[in-house]
Peer 1: 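After the structure tokens below, expect a handful of questions from me.
Predicted model, so just to flag it, every value in this text is computed and none were measured.
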Amino acid sequence: MRAGKLRHKITIESKSNAQDAYGALVETWSTYATAWASVEPLTGREYFEQGKVNSEMTTRIRTRYVSGITNLMRVKFGTRIYAIVTVINIDERNKEYELMCKEVI
């Protein structure tokens, strides 16, 4: 992996539950890791669901290996938030990850 291609700073977040003042569980996201990455939009589509038009974009994010990343986490890039669909450990060498993500707009 060439370091020059990793020009975007991303934050990988993990989900946890916390209690609010009334004792109800509230979903919160906390920072798991911060890394330099390559963010590459791949495809986009619009579809009609439940009476409204939705947009969805598929993106590939390449980064150095960070242990413990799962598809239950999400990636924050600037103001955009991507749900991780698949985590690919390139060549199973624990050096590089390819995260296939989906952004619902």
Peer 1: Quick check with a 6.0 Å cut-off and a 45 degree axis cone: is R74 positioned over the face of W29's six-membered ring?
Peer 2: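 Yes; both conditions hold, so R74 lies above the ring face of W29.
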Peer 1: Would you say S14's side chain and Y32's backbone share a donor-acceptor pair under 3.5 angstrom?
Peer 2: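 No, because the side chain of S14 does not come within donor-acceptor range (under 3.5 Å) of the backbone of Y32.
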Peer 1: Flag the pair E27 and K15 as a salt bridge only when some basic side-chain nitrogen lies within less than 4.0 angstrom of an acidic carboxylate oxygen.
Peer 2: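 Here E27 pairs with K15 in a salt bridge, since their nearest N and O are under 4.0 Å apart.
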Peer 1: Just by modelled atom types, is the T11 backbone N or O under 3.5 Å from a matching donor or acceptor in the T34 side chain?
Peer 2: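 Judged by distance alone, no pair lies under 3.5 Å.
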Peer 1: Indicate whether any N or O donor in one side chain lies under 3.5 Å from an N or O acceptor in the other, for E56 and T58.
Peer 2: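 No, no side-chain donor-acceptor pair sits under 3.5 Å.
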Peer 1: Say whether, by atom type as modelled, one donor and one acceptor occur between the side chain of N89 and the main chain of N94 under 3.5 angstrom.
Peer 2: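 Yes: the side chain of N89 pairs with the backbone of N94.
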Peer 1: Calculate, to the nearest 0.5 Å, the distance between atoms CD1 and CG belonging to I12 and L99 respectively.
Peer 2: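 Taking CD1 in I12 and CG in L99, the distance rounds to 6.0 Å.
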Peer 1: Atom CD in E96, atom CG in L6: separation rounded to 0.5 Å?
Peer 2: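 Separation between the atoms: 8.0 Å.
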Peer 1: Quick one: sort the F77 and H8 rings into parallel, tilted or perpendicular, breaks at 30° and 60°.
Peer 2: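 It falls in the perpendicular class, over 60°.
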Peer 1: Would you say that R62 contacts K5 through its side chain, given a criterion of any heavy-atom pair below 4.5 Å between the two side chains?
Peer 2: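 Heavy-atom side-chain distance check fails, nothing below 4.5 Å.
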Peer 1: If you compare all heavy atoms of Y82 against all heavy atoms of I61, which two are closest, and at what distance to 0.1 Å?
Peer 2: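 Minimum heavy-atom contact is CD1-CD1, 4.3 Å.
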Peer 1: Heavy atoms, side chains only, cut-off 4.5 Å: are Y97 and I69 in contact?
Peer 2: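 When only atoms from C-beta onward are counted, I69 and Y97 do touch, with a gap below 4.5 Å.
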Peer 1: Do you know which two heavy atoms are closest between E103 and I81, and how far apart they sit?
Peer 2: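 Nearest heavy atoms, E103 then I81: CG-O, 3.7 Å.
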Peer 1: With a 4.5 Å limit on heavy-atom distance, are the side chains of V87 and T70 in contact?
Peer 2: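 Side-chain contact under 4.5 Å: no.
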Peer 1: Mind listing the closest non-hydrogen atom pair of M57 and P41 along with its distance?
Peer 2: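 Heavy atoms of M57 and P41 come nearest at SD-CB, 4.1 Å.
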Peer 1: Starting at CD1 of I10, measure out to CZ of R80 and round the result to the nearest 0.5 Å.
Peer 2: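 Rounded to the nearest 0.5 Å, the CD1-CZ separation comes out at 14.0 Å.
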Peer 1: Is it true that a side-chain atom of D91 and a backbone atom of R93 form a donor plus acceptor pair closer than 3.5 Å?
Peer 2: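 It does not hold such a pair.
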Peer 1: Using the rule that Ile, Leu, Val, Met, Phe, Trp and Tyr join whenever any side-chain heavy atoms are under 4.5 Å apart, tell me whether V75 and Y65 fall into a single cluster.
Peer 2: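 In one cluster: yes.
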Peer 1: Linking I/L/V/M/F/W/Y whenever any side-chain heavy atoms sit under 4.5 Å apart, do L42 and I90 land together?
Peer 2: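 Shared cluster, yes.
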Peer 1: Carefully, step by step, assess L25 and Q19 under the rule side-chain contact (heavy atoms from CB on, under 4.5 Å).
Peer 2: CA-CA 5 Å; L25 288 178; Q19 286 188 342; 3.9 Å; yes
Peer 1: State the CE-OG1 distance between M100 and T86, to the nearest 0.5 angstrom.
Peer 2: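 The OG1 atom of T86 is 7.0 Å from CE of M100, to the nearest 0.5 Å.
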Peer 1: To the nearest 0.5 angstrom, please state how far the CD atom of E40 sits from the OG atom of S38.
Peer 2: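 The CD atom of E40 sits 4.0 Å away from the OG atom of S38.
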